[in-house]
A.B. asks: 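Would you mind keeping the following structure in view while I ask a few things?
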Amino acid sequence: MYPLLADGLVNIVQAKYLLPLVLGTLAGVVGGALPGVTITMTIIVVLPFTFGLDPLQGLAAMTGVYVGGSAGGLVTAVLLGLPGTPSAIATTFDGHTMAKKGEPGRALWIGVWASFFGGLLGGLFLIGATGPLAKFALQFGPWEFFSLFVLALSMVAGLVEASLLKGLVAGAMGLIVTVLGNDPVMGQERLTLGIPFLKGGIDFLPVLIGVFAFAQIMGEIERRGVHALSADVNRSVSLAVSHAKVIWEVLSRPFQLLWCSFVGVLIGVLPAIGGSAASMMAYDQAKKFSRRPEAFGTGTPEGIVASEASNNANVGGSLVTIMAFGIPGDAVTAVMLGALTIHGIQSGPLFISQNAQLAYGMFAAYLLAHPIMVLILALGARWMLRAVTVPKAALFPIVLVLCVIGAYALNNTMANVYVLLAFGVLGYLMVKFGFPLAPFILGVILGDQIEINLVRSIMTDADLWLFVTRPISGALLAASVLSLAAAIWQHRRMRKRAAANADF
Amino acid sequence: MKTRTALFVAMLLFAPLAWAQAYPAKPIRVVVAFAAGGFADSIARLVGQKVSERVGQPVLVENRGGAGGNIAARAVVAAAPDGYTLLVHTAAIAINPSLYRSPGFDLMSDLVPVANTGSTPGVFAVSASNGASTLQELVKAHKGKRLTFSSAGVGTSSHLAGEYFFKVIAGIDAEHVPFQGGAPALTAVLSNNVDVLSTSMPPVVPHVKKGSLKVLGISSLARVASLPAVPTLAEAGFREFEERSWVGFFAPAKTPAEVVARLNSEINQALALPEIRERFANLGMDPHPGTAAQFADYVRKEVAKWAAVVKTTGIAQVQ
């Protein structure tokens, strides 16, 4: 295995593979950074260009997009407070807060280096533990998926911010969004309210950008006033940092880095939810294990590391099922394997053994894409700075237009633009009335999957006890209870401390 | 001045012609009704790629799975009928009129069949660790004990074939567990969470070679070259039954006839390429070249056949 990987690395550093890898990573970073453009969309745009290339060139380009995109999302998340891709949602919590406190460079580079190390750790798991991870993935039936997503949903309690009640209401609203449209198993229409475009259900992406973009941008305009926005040109800001110091900030919490990467890998190995859930779960875990949970959300480096390490490690995890069974783990890898069909290579369990050079070339490309990503971001910092120094009066309209274009491009229908608008208003109102956005988004991400797996498990076996008696499922449900209890305990303790501080 | 006017008139006169010749002037969007990486998806990309090379425009494949492919079909029905949005669907589109009370579109009046690509027989496969090594053994093991089978989704031909074979032909208690696409349905059987996989043949072949799946029967009238050891349902001692997964191109109903004809001819010429012939053979696909009218006939026959199956199995209609 290692000689094959070494061959792959030697192979991939040749110019004819390196160039597509660099270009793919660049495309990924740009696509990831643009709010409203997901990694899947970027890879589909890149796909036709790979047809004329040889298979490994195409795979290198697409692997680059995947890695670059997972990191690119953090740029927008940190500098503007809106996630460039769904997997950067949790990065906004602390990344943008730190940037607003006057340290955008530090926030950005903690994110970049966390992505780098998280991604490489994901690669180590991928290469060193494919067998056990794949076996673990096969243990997951619908019961385990259901319980896993319940555990993920229990994180709502950890993300509620000031008011427990408002957090729960926000989470419930998110779940309700997923009920509209089609039932995901049988395709029965429900709650379409007679509105034709609701028949297809509500796409996740316009909801996400709507809620975040409007809430961030409208909120900021309101806070600072229109005149301040056009006059406000801050030329003194710089993204330059001491890299040694930032790398130390990432590496000085090895347990956290390892654990968050591991969470990312696991969520990647288990298909269905992907990077968005991985980064939020890792963020929640980091907060639970932290000695200073109250610092989360106020611009702590730990929060950025948790989110970014896990979402890049997630990429490594989603390559595991390819390595083990030749089956795609998520939408992005499905497109990558689909592209191979065009070249006459069939995915499936024989993929690795029959195309060892190709498979290991792909893993080598995955590893190499990480330093390339760091390099691209370092060289691109000058342009990224513009996002901070350009007057907000010019920047905000541009961002909103980009959001609308992204929503439209999703299916080339106006329906998604209306969804964007409706949820933009909702997001604005939620922030205005103190409802946290994170639980809402979590509900939207998980609602469908919880329902699908609940229905599927009952269809497979009507015995409800299986949720508890199947060991992994039972353990996950127990973990959800613990997670809830821990969150409520932390919540109370923080409120008590706040109350005690208020006395002084 | 006069020359300018003449030029202008000439432009007006020839503009429609220029427009017709210009098709396709921009990328063609192909909406696949099932998940990326699956059977319909592979065929759409394979054929789409060749069509793209021939017409000099990109063919962009987009996957919109769910609800037996109705979500994708509705999206294409709602798209502009200009030949730039096509639907790639399977036999499911011929099943949905009988299975869904309101599929959200009318197959024959909202869509126009453009071209069939090819078809492949359905198979019943179990995990290598399953005790049964013939269909008879499998059915015997599940007399009085419920059997579960997975498919790529409600309303796929694999779903109906499973219902028809296990409930009507074999007469046992069977529960269908739908997944979104062939890959997760296959994983569910690999991991022994579901007993039997009902699917089209291509994705199963590499798993049989690897030894992770056993194919017990093939819903075909004759054995096939890719799995020579696998008996047909009749050979396995059951009533004869044929289920073929096909993959065809459709367009919104009002798409101009000349655009449909052009697409049909491009797809047929792509199917005739030696490279595609070889690729289809590897996949276990029999190519089905033909005119758009022939494909429309085939679709009508499929609709009638599956309507009868829905009736005899008593599958509950979906809203």
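Within every chain, numbering begins at 1; the chains are lettered A, B, ... in the order of the sequence lines, protein sequences first and strands thereafter.
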A.B. asks: Kindly give the heavy-atom pair with the smallest separation between A/Met459 and B/His176, and that separation in Å.
C.D. replies: CE-O, 3.6 Å
A.B. asks: If we ignore hydrogens and angles and just use 3.5 Å, is the side chain of A/Arg456 paired with the main-chain N or O of B/Pro178 as donor and acceptor?
C.D. replies: yes
A.B. asks: Decide yes or no for A/Phe140 and B/Asn193: does some side-chain heavy atom of the first lie under 4.5 Å from some side-chain heavy atom of the second?
C.D. replies: no
A.B. asks: Give, as side chain, backbone, both or neither, the part of B/Phe179 having an atom under 4.5 angstrom from any heavy atom of chain A.
C.D. replies: both
A.B. asks: Would you say OH of A/Tyr418 has more than 12 non-hydrogen atoms from neighbouring residues, nucleotides or ligands within 6.0 angstrom?
C.D. replies: no
A.B. asks: At a heavy-atom separation under 4.5 Å, does B/Val61 approach chain A through its side chain, its backbone, both, or neither?
C.D. replies: backbone
A.B. asks: Is it the side chain or the backbone of A/Phe351 that comes within 4.5 Å of chain B heavy atoms, both, or neither?
C.D. replies: neither
A.B. asks: What are the two closest heavy atoms between B/Thr148 and A/Thr460, and how far apart are they?
C.D. replies: CG2-O, 3.4 Å
A.B. asks: Going by heavy atoms in the side chains, are B/Thr187 and A/Leu138 under 4.5 Å from each other?
C.D. replies: yes
A.B. asks: What option among B/Glu53, B/His207, B/Lys209 has the most heavy-atom pairs under 4.5 Å with chain A?
C.D. replies: B/His207
A.B. asks: With only heavy atoms counted, which part of A/Ala134 is less than 4.5 Å from chain B, the side chain, the backbone, both or neither?
C.D. replies: neither
